[in-house]
Amino acid sequence: MNRRTFLKTATIGTLALGAVRDAFAIEKYFPVKADQSLFEIINRVKDPLNKTPLEKSHAPAITAPKNVKAGEPFTIEISIGEVVHSMGPAHWIEYIELNIGNEPAGRIDFQPKGYLKPKAIFTVVLTKESAPSGKVTLIAYQRCNLHGYWEGSLDVTVI
Ligand SMILES: [Fe+2]
């Protein structure tokens with residue numbers, strides 16, 4: 001085997017080995033096939049009185065006071081979901097995000113190590129200007145690595 005043939009064979013072999021290794025790594029990282037349709041839209045609870053198991057474990061549940069005083073801090077707790085979602089290396093919540101109306105307010109990213117529960121607590125201060133009509137909609141988003149994007153919301157009155 002001359003030098004040129006050796007280099008060509010070694011290069012092709014290395015590329016093929018890398019492709020096979022990447023394919024196995026992806027299978028190991030995502031052992032369960034994801035439902036791609038859940039990633040094409042923002043998922044919401046369709047009937048609050050008759051939630052599906054997927055909605056119960058994925059829709060963000062927001063806990064906050066109904067009435068808050070302008071300029072005074074209060075806490076907003078967001079849990080994924082009302083049946084707390086698992087947080088293992090193959091299936092986990094990637095982040096929780098809070099919007100105040102249309103304004104992004106904050107986001108917490110999670111790692112798939114299993115240390116953290118998919119809950120976040122934000123301390124928030126609203127002003128009268130943030131609620132010109134006297135109400136503000138708190139919107140929580142989350143992304144599950146297998147079950148896509150989910151949204152939950154809660155109205156708060158600012159007094
Ligand atoms: Fe999930």
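In what follows, every heavy atom counts, from backbone to side chain, and hydrogens, waters and symmetry copies are set aside. Just so you know, residue 1 is the first one in the sequence shown, and it goes up from there. Atoms within each ligand, like the ligands themselves, are counted from 1 in listed order.
- Tracing side-chain contacts under 4.5 Å through hydrophobic residues (I, L, V, M, F, W, Y), one reaches Val124 starting from Leu138; they form part of the same cluster.
- The stretch residues 108-122 participates, sequence neighbours left out, in these salt bridge (charged side-chain N to carboxylate O under 4.0 Å, His left out) pairs: Arg107-Asp109.
- Evaluation of the side-chain hydrogen bond (donor to acceptor under 3.5 Å, both in side chains) test over residues 73-82, restricted to residues two or more places apart or in two chains, returns Lys51-Glu82.
- Residues meeting the side chain to side chain contact (heavy atoms under 4.5 Å, CB included) test with Ala131, sequence neighbours left out: Val136, Val158.
- Under 2.8 Å from the Fe ion (ligand 1), one finds the following protein N/O/S atoms: His58 NE2, His85 NE2, His91 NE2, Cys144 SG, His147 ND1.
- The aromatic rings of His58 and His147 sit perpendicular, their planes meeting at an angle over 60°, well past the 30° parallel limit.
- Summarising the geometry of Tyr141 relative to Ile42, their closest heavy-atom pair is CE2-CD1, 4.1 Å, with the distance given to 0.1 Å.
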